[in-house]
Amino acid sequence: MKKTLLYSLAVMASLALASCAGDYDDWGNPQTNEQEASTAKGVTFTNGSEAEASAADEDGIINLVTIDVTDPNASSYTLQKVKINGDEIPGKLVDNSVQVSASELEELVCRQNKSRAAVARDLKVETTLSLILNSGEALAPMGETTGKYTPAPTPAIDEQGYYMLGQVNGNEWAVTSPVWMHKISDGVYQLKVTTTADKNWFKFYAGSNVASNADDWDTVNKGALGCKENGSEDAFGFIIYNGDSWGELQTPVIPGAGTWIVTLDMNNLTYTVQKPILYMAGEANGWATNDYLTGDDGVHYTGYMYLNQNGFKFCTEPEWKGTNYGANFDTTEGGPDIKMTEAAGYYKVDVDLESKRYVLTPIESIGVIGSASPNGWDSEVPMTYIPYNNETKEIGYWEVKDITLTDGVIKFRGNNDWDCGINWGGTADALTIGGPDMAVTAGTYDIKLYAWANGYAKCVMTKK
């Protein structure tokens, strides 16, 4: 694809029009929108010659938008900013063409879609100019256009599967003892990993590249898969491979001792590292896998959720992509649901996959308590549970409205009792069971509490 500049600028011969250049360094957020040509003071924005582009671009520059200025009062204009669906991406204006870096655009669409798959991604482009009139008045016309970008093809999925080497499951980089991952769906592989150090380094390897002896690293490294930043402890990351245009592959880290679930997705060229999680999906939450249970050993899990008698299952992966446990913890596809005999309500749910049983502890109330609360530490201000809304698909939450707080701290306590151990504290976006007091400032608030599993619970405080 060759760079093409469209010179459609029609202005008076006496006008002196200027353009400016910018550096490339950030990414934005792709969505699907129809093209909209905008005019403001005689300025028109239309799709550029390379508005639909791919990673095959030869010069590394994408001509994304074409600008036409016809206002006879225009003195000069420069590019102020370019946004991809609300997020800014550096660009520059060459003549009347807005250009962005092809590599920056590729990383944009990959990061926002959490996928490196070679799939055309829709872009909504917002371009803002700084326009100066002969009178000295400064204007900022903005136009919306659309575009598409297709990332580079990813390596083919290895028919022999994938394995891990490193400080996982006692491997310690022994190439003749690969730790094989389990295929859980087409192109997706998973492994329950045990670690013992504060930092546990590892890489993925293609199954076709297995060492014939302890020194055969040349064969092994041909199929090596790593990350972009050496020592990355990210829970989610993109896979980097040998010869990758994104850079040289580096070594990721699992941050801490314990049990982890590591997932390699070769369809999207991504990986995740997370503590063991179960999900609950049932009629009470619209059969969406958005109720969490967490644990430390891959066997025992605890979560907090609303349940009813109309059926549910526990799932190892969102959207039913892993193992799904139904009645009697049967994993047969399409098997019967779990049907509880207890009354519908909010529960602490403890699951033991080894003994194939679960225990429900009713949570009859949750309230706000603490030095900032109207009742101090003496008693709670009760919250009301708002169940899942089948029409709006809004997930369930606990709520209190018009609560007046002073400067101080609060917690969310269950069952009016500290001894039961059901209380949430910490920071608003990452509450933990038994966590520290949460600092608040004085004011009147509406509070929504999503009383989920340890580390996943959160609250939204709206000051009035």
Q | Closest heavy-atom pair and its distance - L269, R116 | A | CD2-NH1, 3.7 Å
Q. Is the distance between the ring centroids of Y450 and W398 less than 6.0 Å?
A. no
**Q.** Residue of the set V349, I422, N454 for which side-chain contact (heavy atoms from CB on, under 4.5 Å) holds with Y304
**A.** I422
Q: Give a yes-or-no answer on whether the side chains of T332 and D330 include a donor-acceptor pair shorter than 3.5 Å.
A: yes
Q | Evaluation steps, side-chain hydrogen bond (donor to acceptor under 3.5 Å, both in side chains), between S115 and R121 | A | CA-CA 10 Å; S115 171; R121 305 296 186 183; 3.3 Å; yes
Q. Would you say the side-chain atoms of W173 and Q167 include a donor-acceptor pair closer than 3.5 Å?
A. no
(Q) If the test is side-chain contact (heavy atoms from CB on, under 4.5 Å), which one of T462, V400, V460, V440 qualifies with I447? (A) V400
**Q.** Full working for side-chain hydrogen bond (donor to acceptor under 3.5 Å, both in side chains) between Q309 and E342
**A.** CA-CA 7 Å; Q309 296 175 335; E342 296 85 350; over 6 Å; no
Q.
I want to know whether F204 and Y162 have ring centres closer than 6.0 Å.
A. no
**Q.** For the student: nearest non-hydrogen atoms of P155 and Y241, plus distance
**A.** CD-CE2, 3.6 Å
Q) Between the side chains of D265 and N268, is a donor N or O closer than 3.5 angstrom to an acceptor N or O? A) yes
Q: Return the minimal non-hydrogen interatomic distance between V168 and V179, and the atom names on each side.
A: O-CG2, 4.1 Å
**Q.** Qualifying salt bridge (Lys or Arg N to Asp or Glu O under 4.0 Å) pairs with a residue from residues 155-184, counting only residues at least two apart or across chains
**A.** K183-D186
Q) Just checking, any donor-acceptor pair under 3.5 angstrom between side chains of W260 and T195? A) yes
Q: Report yes or no: does D244 contribute a side-chain atom to a donor-acceptor pair with the main-chain N or O of G247 at less than 3.5 Å?
A: no
Q | E50-Q99 side chain donor-acceptor pair, cut-off 3.5 Å | A | no
Q: Might you work through the side-chain hydrogen bond (donor to acceptor under 3.5 Å, both in side chains) test for N423 and K411, ending with a clear yes or no?
A: CA-CA 7 Å; N423 65 84; K411 296 191 81 172; 2.8 Å; yes
Q: Indicate yes or no: does E107 engage K228 in a salt bridge with an N to O separation below 4.0 Å.
A: yes
Q) Do you know the tightest heavy-atom contact between K313 and P336? A) CE-O, 3.6 Å
Q | Heavy-atom closest contact (I89 atom, L108 atom, distance) | A | CD1-CD1, 3.7 Å
Under 3.5 Å, which donor-acceptor pairs do the side chains of residues 424-437 form with other protein atoms, sequence neighbours left out?
from: W424; atom 1: NE1; to: W452; atom 2: O; distance (Å): 3.2
from: T427; atom 1: OG1; to: D429; atom 2: OD1; distance (Å): 3.2

Q.
Between S97 and N63, is there a side-chain donor-acceptor contact under 3.5 Å, judged purely by atom types and distance?
A. yes
**Q.** Between E399 and T384: side-chain donor-acceptor atoms closer than 3.5 Å
**A.** no
Q: Drop me the distance from I261's CD1 to T316's OG1, to the nearest 0.5 angstrom.
A: 8.5 Å
Q: Please say which of T146, V82, N47 ends up in a side-chain contact (heavy atoms from CB on, under 4.5 Å) with V125.
A: V82
Q.
If we count only N and O atoms by modelled type, under 3.5 Å, do the side chains of E364 and N415 hold a donor and an acceptor together?
A. no
Q. Between Y388 and Y306, does the ring centroid distance fall short of 6.0 Å?
A. no
